[in-house]
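Here is the structure we will look at, set down as structure tokens.
In what follows, chains are A, B, ... by sequence order, proteins preceding strands, each numbered from 1.
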Number of protein chains: 2
Amino acid sequence: MKKTKESLLKVAQRLFTKQGVAEVSLRSIAAEAGISHSNLIYHYPTKNDLIIALHNELLANAIALNQKVKVAVNPIEGLFLSTEAGFRILYEFRFLMLDLNYILRANKSLLKTFRDLEKVRAGMYQAEIKKAVDLKLMRNELYTGEFDELIVRIKIFSEAWIPSSEIYDSGPVEKIIQKYTQLFMGFFFPYLTEKGRKLFEKQK
Amino acid sequence: MKKTKESLLKVAQRLFTKQGVAEVSLRSIAAEAGISHSNLIYHYPTKNDLIIALHNELLANAIALNQKVKVAVNPIEGLFLSTEAGFRILYEFRFLMLDLNYILRANKSLLKTFRDLEKVRAGMYQAEIKKAVDLKLMRNELYTGEFDELIVRIKIFSEAWIPSSEIYDSGPVEKIIQKYTQLFMGFFFPYLTEKGRKLFEKQK
DNA sequence: GTATTTTTAGACCAAATGTACTAATTTTTT
DNA sequence: AAAAAATTAGTACATTTGGTCTAAAAATAC
């Protein structure tokens, strides 16, 4: 029955988020899910298998999202929408970002996936930026590599806002999502043209 | 004898960096340091005590640094120098940033220290930015809170470049330090005036 | 309805870990 | 030099954890 597997993922996700991946044992997940230790191992032999399954869920959600947000009127609105929606999804699976190093250290295949995904996203941002420049929403580079550097900073922010939030924020999830979406979008603001800034203000 | 305590810190730092804090046991530290398990516990009863001691070392280094870098000619050069030096120190203690969440979860006092330090640093950046604006090296805010948002992004970057580097970089330490110093400084570039950009180019 | 496959639980094991206690040794104080 | 304090090692214990093996129970196929 699929029910057990799904329930296990939910329980694992909850415990990972609450206690941290390193502190959660397979036994505690099984107990919380109300099944035997050996039964859990039957479905997911190691903690890694649980993590990978959850990461796959995250990916599935992210892909589904991308289909949906393609209705934006302009690049800036699109960026706003997809960022906010993406951040919301990521936040649900935040244990992945909170314990990223611990997870990747024990999971080289996930590390590779991470690196590959990063390249895809970087390419996506390059395309979006080019589009914005063509539409005169963004200025041109002032030195070569300026936008590539921006993209790296964006990447780091995207990976890091959740751990940072864990340290400094409290309060409702929605507030947090909005705060970091805002902060994220702010990356682009100083590169925008007058025209771009007007569109930006409308979203804000 | 102080020798034992210092040697223990060094060994712990090395093992934490190599294997991750969660994976290192007190026994393995003792073994690597060539002393008995119970002796280690005599000096540092828990892993947390080791971590706090190492964090104190980091703070001491950082404070010592701040005394030294006050010879900069202008704010931009000063920022370059202190950033690079600060990043170099932080990198030595990178296990703190790599396993930050794991560490802070088990150590509420360190969490408080972290939050307090953050406020200090934010104030410092506000002052530096104000100075740069007064010197016409940086433009004024285009909307209220623009620079405060910038400072938050900077904070997140400062905490996150090491974990990110762990995922995506390889190669000599110095290269890494320079790369992320460069990326960090790039945060300011789009806010600089013509005059500021000239100083910026000279550093780069 | 029987056979087969999948799912589940229970018992057990070896390794590792934190912890406590005791005793020996070394260093410091007086 | 003797006493006191600090440092070090040894030992032993209870707990937890990942992992294996076996057998029962449930679901599915034939």
Can you tell me if the side-chain N/O atoms of [X] get under 4.0 Å from OP1 or OP2 in [N]?
X     : N      : answer
B:T4  : D:dT8  : yes
A:Y42 : C:dT8  : no
B:S25 : C:dT17 : yes

5'-most contact on DNA chain D (nearest-nucleotide basis), A:E23 vs A:S38, goes to A:E23

Rounded distance in Å - [atom1] ([X]) to [atom2] ([N]):
X     : N      : atom1 : atom2 : answer
B:L40 : D:dT7  : CG    : C1'   : 13 Å
B:N48 : C:dG18 : CG    : C1'   : 14 Å
B:I41 : C:dT22 : CD1   : C1'   : 15 Å
A:E6  : C:dT7  : CD    : C1'   : 16 Å
A:L15 : D:dT17 : CG    : P     : 12 Å
B:K5  : D:dT7  : NZ    : C1'   : 11 Å
A:H37 : D:dG19 : NE2   : C1'   : 7 Å
A:D49 : D:dG18 : CG    : P     : 13 Å

Flag the pair A:E92 and A:R88 as a salt bridge only when some basic side-chain nitrogen lies within less than 4.0 angstrom of an acidic carboxylate oxygen.
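No.
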
Does a side-chain N-to-carboxylate-O contact under 4.0 Å join A:E118 and A:R121?
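Looking at A:R121 together with A:E118, the answer is yes, because their closest N to O distance falls below 4.0 Å.
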
Test B:E146 against B:R139 for salt bridge (charged side-chain N to carboxylate O under 4.0 Å, His left out), laying out the working first.
CA-CA 11 Å; B:E146 186 184 14; B:R139 66 161 168 81; 2.9 Å; yes

Quick check for you: among C:dA20, C:dA9, D:dT20, whose closest atom lies nearest to any side-chain atom of A:N39?
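Minimum distance to the A:N39 side chain belongs to C:dA9.
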
Looking only at D:dT8, D:dA9, C:dG18, the nucleotide nearest the B:H43 side chain is D:dT8

Go through residues 27-36 of chain A and report each residue with a non-hydrogen atom lying under 4.0 Å from DNA chain C, sorted by number.
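Residues of residues 27-36 of chain A that come under 4.0 Å of DNA chain C are, in numerical order, A:R27, A:I35, A:S36.
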
If you look at every heavy atom in B:L26 and B:L40, which pair is closest and at what distance?
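So the two residues come closest at O-CD2, 3.0 Å.
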
Checking B:K131 against B:E128 for the salt bridge (charged side-chain N to carboxylate O under 4.0 Å, His left out) test, could you report, in this order, the C-alpha distance in whole Å, the side-chain angles of both residues, the deciding distance, and whether it holds?
CA-CA 5 Å; B:K131 209 185 294 175; B:E128 287 299 312; 3.2 Å; yes

Can you confirm whether the side chains of B:D116 and B:T113 place a donor and an acceptor under 3.5 Å from each other?
no

Below 6.0 angstrom between ring centroids: does that apply to B:F200 and B:F188?
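Ring-ring flag for B:F200/B:F188: false, centres at least 6.0 Å apart.
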
